[in-house]
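The chains referred to below are lettered A, B, ... by the order of the sequence lines, with proteins before strands, and numbering in each begins at 1.
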Protein chains: 2
Amino acid sequence: MPTAREKIVGAAMELFWLKGYNSTSVADLLSRTQLNSGSLYHVFPSKQDVLVGVLEAYRDGIEEMLLAPAWKGVDDPIEKIFALLALYRTMIVETDCTYGCPIGSLALELHEPDPQVRDLIAVNFENWTKAIEGCLTDAGKRLPPRTDKRALAQFVLTAMEGGVMQARTHRDVGYFDRAVKQLRAHFDMLEAMAKTKARG
Amino acid sequence: MPTAREKIVGAAMELFWLKGYNSTSVADLLSRTQLNSGSLYHVFPSKQDVLVGVLEAYRDGIEEMLLAPAWKGVDDPIEKIFALLALYRTMIVETDCTYGCPIGSLALELHEPDPQVRDLIAVNFENWTKAIEGCLTDAGKRLPPRTDKRALAQFVLTAMEGGVMQARTHRDVGYFDRAVKQLRAHFDMLEAMAKTKARG
DNA sequence: GTCTATAAAAGGATAGAC
DNA sequence: GTCTATCCTTTTATAGAC
């Protein structure tokens, strides 16, 4: 049986994702969880504390919620990167192209976030790109030896966020697909470079 | 002497950019413009109509406000692309890395926008990428003949939006710089491919 | 920890005189 | 077109009993 805290964080993860932080009222959270005001404010002194709880849940759940499902049955390190992007694609399609990255949306919606909130958004991005960086390290000599793996991993996040933003705006997954296609070309060219230089 | 409409749109462009749409109240617009409620609602029947006016202003001003300043003194079509990104970089630095693309931020803040609003956001993105696509066309044979120019232009927007998002979140322009560096590598590899195939 | 009731403020929008 | 005053709703948060 879920605690009040778990109910609230679960509802908030969904509602902040669907409606945004500012457009989700505490009353929305209460009606969704069937809790009363007193219970919520007993656990979370303010609405912002709910946001902190949500961001911590994403931070703590990245492996189980995101990476494990995306990488099930995928071994090749570079294919793991595109398998993760493919998971985002299914989410875009399943939501009729209204999908937004929950972290990215909060990153742009909150214009003057508290340091604690901003740090948690940053940590979520960092953990995502660290996972990609791990794949790049595993790819070893398939990439040119001087590849800036951190920059390349961040570029994967950049492509995802930009692709999601445009697919959502245009309500057309093609915009995401084209971003992925360009990123794939980028990796293909890097791999081709690595081979050429290895030979020459 | 500016009309009430111009004052309101000007103030709204700034405040929606600084604080976001939901966090900007009509009272904020009134105090900034020194207008009274009646004047605003005479011109704009609702707050959302102000948003429409703002998005139309960005749409109509892209050449004068964005492209002309970015491209002053730059002729090379591919350098024009990176000159535009360099303009974003200066805006990031000038705002102490709090800069957000006004259109991209609205695209992610508004979760269930009216069709009119969503179309205007989409048109703003389209005009931006069309401008880049023009550069790619001007680049002619420097790019491989089968280059998907629309997809590549959208990828430039993707890189900008993703780079801006991360630079803002981490309050570190390095995140934007690395995105641009990766995009530059992408173009360099495309140009190298075009040369190789032209020879072979 | 949870309940009900309510405070206190901010929000978008309107009315009617000028 | 602009002025002042104000309505009505929503919102975050609190009080105090149980």
Side-chain angles (χ1 to χ4, degrees), chain A residues 1-57 105-106 109-118 120, chain B residues 1-57 105-106 109-118 120:
Chain A
M1 187 181 170
T3 64
R5 187 193 167 87
E6 289 165 343
K7 284 189 205 170
I8 294 161
V9 169
M13 286 174 88
E14 182 167 0
L15 291 176
F16 292 172
W17 172 63
L18 285 170
K19 308 177 46 165
Y21 175 73
N22 284 308
S23 299
T24 298
S25 67
V26 174
D28 289 336
L29 295 172
L30 297 178
S31 85
R32 175 68 67 108
T33 54
Q34 300 286 20
L35 294 169
N36 296 307
S37 168
S39 300
L40 187 147
Y41 281 102
H42 178 75
V43 181
F44 296 107
S46 78
K47 185 185 171 189
Q48 178 173 290
D49 292 300
V50 177
L51 175 60
V52 168
V54 163
L55 290 169
E56 287 173 343
S105 298
L106 289 170
E109 178 186 356
L110 306 171
H111 285 249
E112 281 165 345
D114 271 29
Q116 186 185 16
V117 168
R118 187 164 65 75
L120 275 168
Chain B
M1 187 183 170
T3 64
R5 188 194 165 86
E6 289 165 344
K7 283 189 205 168
I8 294 160
V9 169
M13 288 174 86
E14 182 166 2
L15 291 177
F16 292 172
W17 172 62
L18 285 171
K19 307 177 48 165
Y21 175 73
N22 284 308
S23 298
T24 298
S25 67
V26 174
D28 289 335
L29 295 173
L30 297 178
S31 85
R32 176 68 67 109
T33 55
Q34 299 286 22
L35 293 169
N36 297 308
S37 169
S39 300
L40 187 147
Y41 282 102
H42 179 73
V43 181
F44 296 106
S46 78
K47 185 185 172 188
Q48 179 173 287
D49 293 299
V50 177
L51 175 60
V52 168
V54 163
L55 290 169
E56 287 172 343
S105 297
L106 288 169
E109 177 185 357
L110 305 171
H111 285 248
E112 281 165 345
D114 271 31
Q116 186 186 15
V117 168
R118 188 163 64 74
L120 276 168

Toward the 5' end of DNA chain D, which comes first, A:V26 or B:N36, by nearest nucleotide?
B:N36
Go through the side-chain N and O atoms of B:D28 and B:S25 and say whether any donor and acceptor fall under 3.5 Å apart.
yes
Would you say C:dT14 has OP1 or OP2 under 4.0 Å from some side-chain N or O of B:Y41?
no
How do B:G38 and B:Y21 order along DNA chain C: which one's closest nucleotide is nearer the 5' end?
B:Y21
Between CG of A:L35 and CG of A:L40, what distance do you get to the nearest 0.5 Å?
7.5 Å
I'd like to check A:S23 versus B:N22 (side-chain heavy atoms, cut-off strictly below 4.5 Å). Are they in contact?
yes
Heavy atoms, side chains only, cut-off 4.5 Å: are B:F44 and B:V9 in contact?
yes
I want to check something: taking the side chain as every heavy atom from C-beta on, are B:L18 and A:H111 in contact at a cut-off of under 4.5 Å?
no
Stems involving DNA chain C: give each as a range paired with a range, ordered by first number, where a stem means at least three consecutive Watson-Crick or G-U wobble pairs under 3.5 Å.
C:1-10 with D:9-18, C:12-18 with D:1-7
To the nearest 0.5 Å, how far apart are CD in A:E14 and CG in A:L29?
11.0 Å
If you round to the nearest 0.5 Å, how far is CG of B:L106 from OH of B:Y21?
9.5 Å
When the nearest nucleotide of DNA chain D is assigned to A:P45 and to A:S23 on a heavy-atom basis, which residue is associated with the more 5' position?
A:S23
How is A:T24 classified with respect to the nucleic acid when contacts are heavy atoms under 4.0 Å: base, sugar-phosphate, or nothing?
sugar-phosphate
Contact class for A:S46 (heavy atom, under 4.0 Å): base, sugar-phosphate, or nothing?
sugar-phosphate
Does the side chain of A:K47 reach to within under 4.5 Å of the side chain of A:L51, using non-hydrogen atoms?
no
What integer distance in Å separates B:D49:CG from C:dA13:P?
9 Å
Would you grab the first and last nucleotide of DNA chain D (5' to 3') that comes under 4.0 Å of any non-hydrogen atom in chain B?
D:dG1 to D:dA5
